[in-house]
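Since the structure comes first, as structure tokens, the remarks are kept for the end.
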Amino acid sequence: MLVTGLIIGLLVIGLILGYLVRRHRHIQELMTVQAQARQIIEDATAQTKQKIATLQAKSRRETLAYQQSVKDELTEQKSDIAVREQRRQQREQLLNQMAVRLDDQTSLLDERSQTNHQQRQKIHDLRDQATALRDKRVTTLAEQAAMSTKEAEEVVLQDTDLALKRDRDIEVKALNDDAEANAEKWAKDVVLAATESGPQDLPKEHLEHTVTVPNGEVRSKIIGRDGQHIRLLETLTGTDLIFVPDDNTTLFISTHDPIRREVARTALTNLIASRRISANQIETQVENAQRDVNHSLWEVGEQAVSRLHVGWMHPDLMKLIGRLKYRTSYGQNVLQHSIEVSQLAGAMAARLGYDARLARRAGLLHDLGKSIDHEVEGTHVEIGTEFAEKYGEDPIVINAIAAHHGDVEKASPISALVAAADAISGARQGARSESVEDYINRLRSLEKIANDRDGVTESYAIQAGRELRIIVNPQTLDDHAAANLTQEVAQQVEKELTYPGKIRITTIRKLTAVEYVGDEKKKKKKKKKAANAAS
């Protein structure tokens with residue numbers, strides 16, 4: 001019991017001591033916190049006082065600066081007002097001076113007006129006197145000439161008209177003589193200038209007739225089981241597809257239509273690239289190729305029309321122009337040839353003072369018929385003329401197309417320029433792949449066929465072999481015989497020679513009789529007498 005009481009006493013004492021210790025610590029912490037609070041309050045008070053002082057100083061500075069700026073602004077305004085007042089006074093002085101000048105000018109104008117009025121009155125008086133004198137002169141002349149004024153006017157007009165006609169005839173004859181004397185020189189200058197400023201030779205585009213197959217597997221897919229795929233391709237494209245002998249990787253496309261050939265080539269190229277070759281895929285690729293080729297034809301035609309600045313053109317005509325890209329003549333691309341003819345004709349027309357735009361348009365369309373001459377009956381001239389009329393082209397353009405090979409008469413100078421430009425573009429060196437030797441031999445063969453005939457005196461192959469002119473002896477052959485000769489020569493040319501397009505054969509039979517009268521005859525008689533005397 002004693003121990004238990006002792007332990008309880010010790011516990012009570014420990015609790016009391018712990019309480020006292022915790023209270024002492026709490027008091028110490030409270031005092032520390034109070035001291036920190038007082039320090040914070042003192043610091044905040046000091047900072048606040050410092051900020052107040054800073055703000056007051058700043059406010060004083062800003063107030064002083066504002067006052068100074070107001071003073072400066074007032075000073076500037078006073079100075080500006082003084083300057084404006086000075087300007088106002090100067091303007092007022094100028095206005096006063098101008099008022100004085102206006103008064104002086106007004107008085108001067110009044111004096112001049114009065115003087116002009118007096119002069120006009122004098123002029124009226126003089127005009128009346130002149131009218132009276134003219135009437136008197138006319139009356140006197142009529143009495144002396146014994147004719148009326150109207151009759152005299154008619155006589156004067158007739159004399160004047162005769163004199164003007166005489167002067168006009170003299171001037172026209174002088175111009176004609178000058179033109180005839182210098183025509184050849186002017187023509188050469190025009191052609192040379194147009195040719196020098198015309199198009200340059202471009203690398204010739206090679207139109208592919210073959211497609212390369214990468215390996216035997218793709219070749220087998222193109223042929224298909226029992227040749228079904230290749231026959232389907234031939235049916236859809238209208239071409240003949242033949243693998244080149246001894247070369248199983250080259251597929252040759254045979255057709256007379258270059259557009260079909262391009263469609264077949266495009267479809268085959270896409271099929272080979274896709275590596276998926278079936279009947280459905282073949283039909284799809286052929287349809288896509290036809291659409292792409294037709295669109296490319298229009299794009300090519302539109303580029304040519306835009307490049308040459310020939311004005312608006314019907315889309316169907318632009319598509320036909322694009323088809324010329326796939327036509328060649330002796331290795332010369334027909335589209336490039338048409339562009340060259342357009343540029344040359346436009347340059348010559350501009351130099352001669354004609355409508356250059358219309359000349360370029362006619363030159364671009366002159367070989368339009370070649371785009372579909374494989375599909376439509378008739379020569380390319382007839383086909384081109386028909387399409388130009390169908391789409392409402394200018395009559396000058398239509399005549400240029402119809403006359404550029406001499407099939408019809410040239411109705412305008414532009415038609416002659418287009419024909420000349422066509423000859424220049426086709427005959428210039430390097431334009432066509434035909435060798436000079438073959439070209440000369442072909443012309444000589446034409447002339448030989450004509451020269452071997454009886455009654456033929458001369459023959460000329462002109463227009464790069466497109467026309468053969470035969471001159472016959474009128475005393476040997478009559479008109480009927482000359483017509484038969486022409487027909488026989490045409491039949492022989494068609495049978496023996498290979499020629500492009502159409503050749504025109506013209507036979508000329510002309511009888512010229514010459515006799516001399518006057519001095520020439522006397523001179524001949526004198527020469528004859530002198531010769532007789534000498535003998």
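In what follows, every heavy atom counts, from backbone to side chain, and hydrogens, waters and symmetry copies are set aside.
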Next item on the list: Report yes or no: is the cationic atom of R261 (NZ for Lys, CZ for Arg) under 6.0 Å from the centre of the six-membered ring of Y326, at an angle within 45° of the ring normal?
Entry: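 So R261 doesn't make the cation-pi contact.
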Report yes or no: does [X] contribute a side-chain atom to a donor-acceptor pair with the main-chain N or O of [Y] at less than 3.5 Å?
X	Y	value
D355	R357	yes
S371	L368	yes
T457	N473	no
R219	L251	no
R361	V310	yes

Around atom [atom1] of [X], are there more than 12 heavy atoms from other residues, nucleotides or ligands closer than 6.0 Å?
X	atom1	result
Q491	CD	yes
E386	CD	no
D454	CG	no

Between [Y] and [X], do the side chains contain a donor N or O and an acceptor N or O under 3.5 Å apart?
X	Y	answer
D367	S338	no
N294	R291	no
H366	H337	yes

Next item on the list: With salt bridge (charged side-chain N to carboxylate O under 4.0 Å, His left out) as the test, would you mind laying out the steps for E262 and R265 before giving the verdict?
Entry: CA-CA 5 Å; E262 181 63 17; R265 189 192 66 80; 2.7 Å; yes
Are any of the side-chain heavy atoms of [X] and [Y] separated by less than 4.5 Å?
X	Y	result
Q343	R307	yes
L268	I253	yes
N288	N270	no
M348	R351	no
I470	T486	no
V489	V493	yes
M313	I321	yes
V286	T237	yes

What's the shortest heavy-atom distance between [X] and [Y], and which atoms?
X	Y	answer
A450	V456	O-CG2, 3.3 Å
L308	S342	CD1-OG, 3.4 Å
V418	A400	CG2-CB, 4.1 Å
A289	A267	CB-N, 3.7 Å
N399	A411	OD1-N, 2.7 Å
V334	K370	CG1-CD, 4.1 Å

Separation between [atom1] of [X] and [atom2] of [Y], rounded to the nearest 0.5 Å:
X	Y	atom1	atom2	answer
S278	L232	OG	CG	9.5 Å
I242	T250	CD1	OG1	13.0 Å
I277	Q285	CD1	CD	9.5 Å
D292	E287	CG	CD	11.5 Å
L365	H404	CG	NE2	11.5 Å
I414	L358	CD1	CG	4.5 Å

Notebook entry, point to check: What class does the angle between the rings of Y391 and H314 fall in, given that below 30° is parallel, 30 to 60° is tilted and above 60° is perpendicular?
Noted result: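 Ring orientation of Y391 relative to H314: tilted.
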Item checked: Criterion side-chain contact (heavy atoms from CB on, under 4.5 Å) on V472 and L485, from CA distance to verdict -> CA-CA 9 Å; V472 299; L485 173 69; 3.5 Å; yes
Item checked: Candidate pair I222 and L241, rule side-chain contact (heavy atoms from CB on, under 4.5 Å), full reasoning -> CA-CA 10 Å; I222 291 175; L241 304 179; 5.8 Å; no
Notebook entry, point to check: Would D169 and K165 pass as an ion pair if we require N to O under 4.0 Å?
Noted result: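 Answer for the salt bridge query: no.
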Next item on the list: Given side-chain contact (heavy atoms from CB on, under 4.5 Å), test H380 with H405 step by step and report yes or no.
Entry: CA-CA 10 Å; H380 75 278; H405 283 325; 3.5 Å; yes
Margin query: Using the ring pair (Phe, Tyr, Trp, His ring centres under 6.0 Å) criterion, which residues pair with H309? Sequence neighbours excluded.
Written below: none
Checklist line | From CA spacing to verdict: side-chain contact (heavy atoms from CB on, under 4.5 Å), I401, E393 | finding: CA-CA 11 Å; I401 297 173; E393 283 295 321; over 6 Å; no
Check: Looking at E488, E447, E458, which one forms a salt bridge (Lys or Arg N to Asp or Glu O under 4.0 Å) with R453?
Finding: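 Running salt bridge (Lys or Arg N to Asp or Glu O under 4.0 Å) over E488, E447, E458 with R453 returns exactly one hit, E488.
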